[in-house]
There are 2 protein chains.
Amino acid sequence: MRTRKIGLDYPSNSEACPVETTLDVIGGKWKGVILFHLIDGKKRFNEFRKLHPCITQRMLTLQLRELERDGVIHREIYKEVPPKVEYSLTEFGRTLEPIILLMKDWGVQHKNSVNKEVRTTRNEELK
Amino acid sequence: MRTRKIGLDYPSNSEACPVETTLDVIGGKWKGVILFHLIDGKKRFNEFRKLHPCITQRMLTLQLRELERDGVIHREIYKEVPPKVEYSLTEFGRTLEPIILLMKDWGVQHKNSVNKEVRTTRNEELK
DNA sequence: CTGAATCCCCAGAGATACTG
DNA sequence: CAGTATCTCTGGGGATTCAG
């Protein structure tokens with residue numbers, strides 16, 4: 001999503017769309033989920049894995065790195081054996097909390113309205 | 001994003017994460033942008049293209065179809081020549097407005113804090 | 001004008017194995 | 001424990017052409 005911007009010079013790209021700016025930060029495949037879990041407090045690497053077994057190690061690492069790079073989360077490394085790393089929201093990251101929480105609320109309320117299955121029906125109803 | 005769910009039976013997948021449900025609906029590459037523009041009122045196909053020249057015809061069509069399939073937007077076809085199609089938010093779609101507007105606000109406020117360029121610095125600062 | 005249909009490529013993502 | 005390092009491969013997405 002970010003690479004799309006490289007080399008392009010459309011004048012009113014993200015200028016016309018602040019929404020895009022936001023989605024650049026939280027729109028990654030698992031970023032919303034990660035941020036959501038961080039609202040409760042700091043989490044360790046394997047805690048995320050337990051919370052979402054379907055996220056692969058690789059993807060979890062990548063998404064965490066991008067969030068860190070964007071200044072949204074902080075990565076605290078404890079020089080212990082065995083190693084221990086804790087992720088937490090930064091001040092900047094906290095500004096995203098309202099959005100994440102609103103997304104959570106919407107998800108809870110409309111979970112049943114959203115059809116999760118593959119849509120087989122393609123009703124093109126003309127009128 | 002949606003296909004990921006097919007065939008998987010992780011117990012606490014989107015159950016643990018309502019955020020994921022929401023992102024399934026608005027997390028598509030251009031969906032946030034599209035929804036944002038629809039808040040002002042109905043839009044025609046080419047209006048979107050003018051608003052965001054960087055979206056290809058193909059992607060615009062695909063994203064619109066998915067949003068329609070999710071019941072978020074309505075596609076009104078006028079049987080005229082030349083053809084005319086108008087997209088608008090459904091009742092259901094309007095429930096997403098607060099989220100989109102919040103994302104817009106955040107984008108406006110933090111546009112400058114978000115580094116749009118490619119990050120070349122990879123400072124892994126241990127402590 | 002509003003798409004649908006193809007072709008095609010490569011980056012995103014999975015699987016697996018290895019490491020400090 | 002918390003990651004890298006490769007390898008692989010799919011499907012997301014661009015470019016182009018056709019259609020009602």
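Chain letters run A, B, ... following the sequence lines, proteins first and then strands; every chain starts at 1. Only this structure's heavy atoms are used, side chains among them; waters, hydrogens and symmetry mates stay out.
Both the sub-6.0 Å distance and the 45° axial angle are satisfied by B:Lys84 relative to the ring of B:Tyr78.
When distances are taken from the side chain of A:Val85 to each of C:dG3, C:dC1, D:dG3, the shortest belongs to D:dG3. For A:Lys29, taking side-chain heavy atoms from C-beta onward, the closest of the listed nucleotides D:dG3, C:dT2, C:dA13 is C:dA13. Taking only side-chain atoms of A:Phe45, from C-beta outward, the nucleotide of D:dG14, C:dC1, D:dA2 with the closest atom is D:dA2.
The CZ-P distance, from A:Arg75 to D:dC1, rounds to 17 Å in whole Å. Rounded to whole Å, the distance from OH on A:Tyr87 to P on D:dA2 is 8 Å. The distance between atom CE of A:Met59 and atom C1' of D:dT10, rounded to the nearest whole Å, is 14 Å. With rounding to whole Å, A:Leu60 atom CG is found 11 Å from C:dG14 atom P. The distance from atom CD of A:Glu68 to atom P of D:dA2 is 15 Å, rounded to the nearest whole Å. The NZ-C1' distance, from B:Lys79 to C:dC1, rounds to 15 Å in whole Å. One atom, NZ of A:Lys31, and another, P of C:dG12, lie 11 Å apart when rounded to the nearest Å. Counting to the nearest Å, the P atom of D:dA2 and the OH atom of A:Tyr78 are 12 Å from each other.
Note on B:Glu97 versus B:Arg94: salt bridge recorded, some NZ/NE/NH1/NH2 to OD/OE distance being below 4.0 Å. Looking at A:Glu86 and A:Lys42, a side-chain N of the basic residue comes within less than 4.0 Å of a carboxylate O on the acidic one, giving a salt bridge.
Contact annotation for B:Phe48: no contact, since no heavy-atom pair falls under 4.0 Å across all strands.
Put simply, the side chain of A:Lys31 never gets that close to the backbone of A:Leu67: no donor and acceptor are under 3.5 Å apart.
Phosphate contact (OP1/OP2 of C:dT2, side-chain N/O of B:Arg49, threshold under 4.0 Å): absent.
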- [ ] Sugar-phosphate means primed atoms, P, OP1 and OP2; the rest is base. With that split, encode nucleotides 15-20 of chain C 5' to 3' as B, S or - using protein heavy atoms under 4.0 Å.
- [x] B-B--B
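A:Phe92 and B:His110 have perpendicular rings, their planes meeting at more than 60° on a 0 to 90° scale where under 30° would count as parallel. Ring pair B:Tyr87/B:Phe45 is tilted by interplanar angle, where 30° to 60° counts as tilted.
For the atom pair CD1 of B:Ile73 and CD of B:Glu68, the computed distance is 6.0 Å after rounding to the nearest 0.5 Å.
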